[in-house]
K.L.:
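I have a structure here, written as structure tokens, and I will follow up with some questions on it.
The basis for the numbers below is simple: all heavy atoms, side chains too, and nothing from hydrogens, waters or symmetry mates. Note that the structure is predicted; figures quoted are calculated from it, not measured. So you know, we letter chains A, B, ... as the sequences are listed, proteins then strands, and number each from 1.
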Protein chains: 2
Amino acid sequence: MLSIGTLSRRTGTKVQTIRYYEEIGLMNEARRTAGGQRRYVEKDLHRLAFIRHSRQLGFSLDSIRELLDLSDNPSQSCAEADSIARRQLRQVEQRIKRLQALKKELKRMVADCQGDSVVECKVLEVLRDHSACLTVRRQLG
Amino acid sequence: MLSIGTLSRRTGTKVQTIRYYEEIGLMNEARRTAGGQRRYVEKDLHRLAFIRHSRQLGFSLDSIRELLDLSDNPSQSCAEADSIARRQLRQVEQRIKRLQALKKELKRMVADCQGDSVVECKVLEVLRDHSACLTVRRQLG
DNA sequence: CCTTATACCTACAGTGACTATAGCTTACAG
DNA sequence: CTGTAAGCTATAGTCACTGTAGGTATAAGG
């Protein structure tokens, strides 16, 4: 029987986070000792590891809920899991695109800055004058 | 005299968001009509545009607060604004790195998936077995 | 058996940056 | 003068946690 602290250490999850996952129904309600402390089995550890790994890959808790459901009902086709993963991939690719546009704009901003007084500061000027900024508008509109 | 709705339309900011910016002290408290409605001048419009543009470039509201302070005191050196922008650039670059690691991992996941039953689903397998995943661990640890 | 340190418990507030809702009031055009 | 669009406040909700206060349980050492 594993304590919540052991789960925490073995998965790199904060204790509060584990309790939070239980609260929102992502983890099953744990058994309790006579004194009311949570006790877990290996299966719970695996489930938590699955959740944490999925979170690291950027899946939302809702997506993870779906993935766990699939994982719990192994007879279905895997197409659903595949489509969730593909959706996630698309989102990540979108975010990368956005950030690359930002990066370009920020680079231009700091490259043009000469360390002059604020009056002629290129950074502030760019921020003031949105019209000078094309890349970002196209990507973020 | 501009209404909050006009400001909203001209900067693409939700009305609530403008009120929120006032509440947290990012926008000055607006003048009011006898009936209590907010009225703005051109200067407020520029300030809001500055805030929105900075947000689109990913600056936090705290960073924007600093940038606005600098912008309000034009006699100082621009070095501070420059360093805020550079910090932002570094953060964006970091995020891009992270996301690219995620993308790689997700691509591997969906590429290996054959649409079989859940039992042998590669997506779920990868999520279950964190040890198979090296890239992400290196980038996100 | 008793003490003590550590781990655990609940309940609630806070984070960032908004967004949404309910229920009301004002401004302005016709 | 009336209708309606737009405004107002106050409050709660979003996401995924994180932190805190104040109390209790457990396990190891004496």
K.L.:
Taking the side chain as C-beta and beyond, is there a heavy-atom pair between A:Lys107 and B:Glu93 under 4.5 Å?
P.N.:
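In contact.
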
K.L.:
Scan side-chain atoms only and decide if A:Arg87 and A:Ser63 contain a donor-acceptor pair under the 3.5 Å cut-off.
P.N.:
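A pair is found: one side chain offers a donor N or O, the other an acceptor, under 3.5 Å apart.
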
K.L.:
Look at the side chain of A:Arg52 and the backbone N and O of A:Gln56, then say whether any donor-acceptor pair between them is shorter than 3.5 Å.
P.N.:
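Answer holds: no.
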
K.L.:
Are the side chain of A:Glu66 and the backbone N or O of A:Ile84 linked by a donor-acceptor pair below 3.5 Å?
P.N.:
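The answer is no, because no donor-acceptor pair under 3.5 Å joins these two groups.
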
K.L.:
With heavy atoms of chain B within less than 4.0 Å as the criterion, where does contact along DNA chain C begin and end?
P.N.:
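Taking any atom under 4.0 Å from a heavy atom of chain B, the span is C:dA17 to C:dA27.
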
K.L.:
With sequence neighbours excluded, tell me which residues meet side-chain contact (heavy atoms from CB on, under 4.5 Å) with A:Gln100.
P.N.:
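Listed in chain order: A:Ile96, B:Ile96, B:Gln100.
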
K.L.:
side-chain hydrogen bond (donor to acceptor under 3.5 Å, both in side chains), that's the test. Do B:Tyr21 and B:Arg47 meet it? Break it down for me.
P.N.:
CA-CA 11 Å; B:Tyr21 287 159; B:Arg47 193 180 175 91; over 6 Å; no

K.L.:
Can you tell me if B:Asp44 uses its side chain to pair, donor with acceptor, with the backbone of B:Val41 under 3.5 Å?
P.N.:
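Judged by distance alone, yes, a pair lies under 3.5 Å.
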
K.L.:
Can you tell me if A:Ser8 uses its side chain to pair, donor with acceptor, with the backbone of A:Thr13 under 3.5 Å?
P.N.:
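Judged by distance alone, yes, a pair lies under 3.5 Å.
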
K.L.:
Indicate yes or no for a side-chain donor-acceptor contact from B:Ser71 to the backbone of B:Leu67 under 3.5 Å, with no hydrogens or angles considered.
P.N.:
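Checking the backbone N and O of B:Leu67 against the side chain of B:Ser71, no donor-acceptor pair under 3.5 Å is found.
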
K.L.:
With sequence neighbours excluded, what pairs up with B:Ser3 under the side chain to side chain donor-acceptor pair (under 3.5 Å) test?
P.N.:
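Once residues adjacent in sequence are excluded, the partners of B:Ser3 under the side chain to side chain donor-acceptor pair (under 3.5 Å) criterion are B:Thr6.
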
K.L.:
Report whether B:Ile24 and B:Ile4 are members of the same hydrophobic cluster (ILVMFWY, side-chain heavy atoms less than 4.5 Å apart, transitive linking).
P.N.:
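Yes, B:Ile24 connects to B:Ile4 through the hydrophobic network.
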
K.L.:
Treating A:His53 as the side-chain partner and B:Val126 as the backbone partner, does any N or O pair qualify as donor plus acceptor under 3.5 Å?
P.N.:
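The answer is yes, because a donor-acceptor pair under 3.5 Å joins these two groups.
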
K.L.:
Any residue in residues 20-39 of chain B with a heavy atom nearer than 4.0 angstrom to DNA chain D? Just list them by number, or reply none.
P.N.:
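The stretch gives B:Arg32, B:Gly36, B:Gln37, B:Arg38 as the residues lying under 4.0 Å from the strand, ordered by number.
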
K.L.:
At the 4.0 Å heavy-atom cut-off to chain A, mark where contacts on DNA chain D begin and end, going 5' to 3'.
P.N.:
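Result: D:dA16 to D:dT26.
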
K.L.:
Would you jot down, in residue-number order, the residues of residues 7-17 of chain A having a non-hydrogen atom under 4.0 Å from DNA chain C?
P.N.:
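Output list: empty, so none.
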
K.L.:
Using a cut-off of 4.0 Å on non-hydrogen atoms, how would the nucleic acid contact of B:Arg19 be classed: base, sugar-phosphate, or nothing?
P.N.:
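The answer is base, as B:Arg19 lies within the cut-off (heavy atoms under 4.0 Å) of a base atom.
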
